[in-house]
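The block underneath contains the structure these notes are about, expressed in structure tokens.
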Amino acid sequence: QTSTFIDMCQCDGQFSGHGVCRLNNGVFNGGTKDEMNVCGGENYNVFKYKGYEWPENGFDFWDGIDCADPNQGSILFVAQGGVHHGNNADVTYRQLIAPHMSHPQFQKCAIHHKLSPIYIGFYAQSLTLDKPYPAQSRVNGRIFNDQMKAFLQTSEFLMLDVLNFTTDSQSSDGLHKLMDVNLVLMYYIVNLADMLFAAPYETSN
């Protein structure tokens, strides 16, 4: 069973879209990249995938950061999520965004004007996946993005809506985008960051 499982879960694009490979069943997610023969960086063996439940919900990002320190540089904080939160904007905001906004280091960095937080919105799903994954449809994606914009309107976050940009773009499984798409997306993020750091008080959501 294990060898068959490994055969089905080879990398294609970012990772396999086969249903069994996306289950958090303690087998695929509990194995190391060497054992499973799948994609992963050097830290993969330590930083295992658990849906959206990463170590300390991602709060370890703030370890060692102190924006009151004059030697601490500016921080670009990028968050992206939704699918692992049931495609529910309210849940995504409460479980992914709000906890970071209330984190002492986030607030300190905002006070010292050293923080530029960006939230990346819903990615467009292939129409072929609408039947098995209706909650991830483009129609629901637009609703999700509009709701997230409303949640973030009075926050420090700037939202990057990529739904139109990712519509019909290359993907490995109908949802997760391939390298070319991610490189162009990174180009947008880097230019947005450049704009934010150049004039942090002249932008708006």
Side-chain angles (χ1 to χ4, degrees), residues 14-15 40-44 46-124 141 144-166 169 175-177 179 181-205:
Q14 290 183 322
F15 58 86
E42 293 180 358
N43 295 326
Y44 183 86
V46 177
F47 198 71
K48 294 187 176 71
Y49 173 86
K50 292 186 178 180
Y52 62 85
E53 299 173 347
W54 287 288
E56 299 181 8
N57 202 25
F59 293 146
D60 53 337
F61 172 87
W62 301 105
D63 292 348
I65 291 178
D66 183 4
C67 286
D69 184 344
N71 295 318
Q72 173 67 58
S74 298
I75 296 170
L76 175 66
F77 180 84
V78 181
Q80 191 276 328
V83 173
H84 295 297
H85 296 80
N87 308 291
N88 184 304
D90 179 67
V91 174
T92 301
Y93 179 79
R94 286 189 289 105
Q95 294 187 1
L96 177 66
I97 302 299
H100 284 281
M101 290 176 58
S102 62
H103 193 281
Q105 293 302 331
F106 183 102
Q107 296 177 353
K108 184 185 291 187
C109 291
I111 291 173
H112 287 273
H113 308 300
K114 292 184 176 180
L115 178 66
S116 291
I118 298 174
Y119 173 75
I120 302 176
F122 206 91
Y123 281 54
F144 176 91
N145 279 356
D146 288 344
Q147 291 175 338
M148 285 300 295
K149 288 177 186 176
F151 283 128
L152 298 172
Q153 190 66 41
T154 57
S155 74
E156 294 91 348
F157 274 84
L158 186 70
M159 180 170 173
L160 184 59
D161 188 332
V162 297
L163 189 65
N164 289 338
F165 166 70
T166 54
S169 59
L175 178 64
H176 297 87
K177 306 308 174 184
M179 185 61 71
V181 181
N182 290 322
L183 286 174
V184 176
L185 178 58
M186 183 56 63
Y187 172 82
Y188 280 108
I189 294 174
V190 169
N191 279 274
L192 178 58
D194 185 60
M195 178 186 70
L196 291 173
F197 289 129
Y201 311 113
E202 298 178 7
T203 59
S204 65
N205 291 343

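Heads up: numbering here begins at 1 and tracks the sequence.
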**Complete:** Smallest heavy-atom separation, Phe122 atom then Val162 atom, equals O-CG2, 3.8 Å
**Message:** Contact between Lys108 and Asp66 at the side-chain level, heavy atoms closer than 4.5 Å - yes or no?
**Reply:** yes
**Request:** Specify whether Trp62 and His103 have parallel, tilted or perpendicular ring planes, treating 30° as the upper limit for parallel and 60° as the lower limit for perpendicular.
**Result:** parallel
**Item:** Exercise: identify the closest heavy-atom pair between Ile65 and Gln105
**Value:** O-OE1, 2.8 Å
**Item:** Check: Asn145 and Met159 side chains under 4.5 Å, non-hydrogen atoms
**Value:** yes
**Complete:** Heavy atoms of His100 and Phe106 approach each other most closely as O-CB, 2.9 Å
**Asked** How far does CG of Leu76 sit from NZ of Lys114, to the nearest 0.5 angstrom?
**Response** 15.5 Å
**Complete:** All heavy atoms of Met101 vs all of Ser155, minimum pair found to be CE-CB, 3.5 Å
**Request:** Identify the two heavy atoms, one from Asn87 and one from Val83, that lie closest to each other, and give their separation to 0.1 Å.
**Result:** OD1-CA, 3.4 Å
**Item:** Side chain to side chain, Tyr119 and Leu96, heavy atoms closer than 4.5 Å
**Value:** yes
**Asked** Would a 4.5 Å heavy-atom cut-off, applied to side chains only, mark Leu185 and Leu160 as touching?
**Response** yes
**Pairwise side-chain contact, Val181 with Tyr123, heavy-atom cut-off 4.5 Å (strictly under)** = no
**Request:** Without swapping roles, check the side chain of Asn191 against the backbone of Tyr187 for a donor-acceptor pair under 3.5 Å.
**Result:** yes
**Message:** Counting C-beta onward and ignoring hydrogens, is there a side-chain heavy-atom pair between Met148 and Thr92 closer than 4.5 Å?
**Reply:** yes
**Item:** Point-to-point distance, once rounded to the nearest 0.5 Å, from CE of Met186 to CE of Met179
**Value:** 10.0 Å
**Asked** How long is the span from the CG atom in Leu158 to the CD1 atom in Ile120, to the nearest 0.5 Å?
**Response** 11.0 Å
**Asked** Parallel, tilted or perpendicular for Phe151 and Tyr93, by the 30°/60° rule?
**Response** parallel
**Asked** What closest approach, in Å, do Lys149 and Asp161 show between heavy atoms, and which atom pair accounts for it?
**Response** NZ-OD2, 3.1 Å
**Prompt:** Atom NE2 of His112 and atom CD1 of Ile75: how far apart are they, to the nearest 0.5 Å?
**Reply:** 11.0 Å
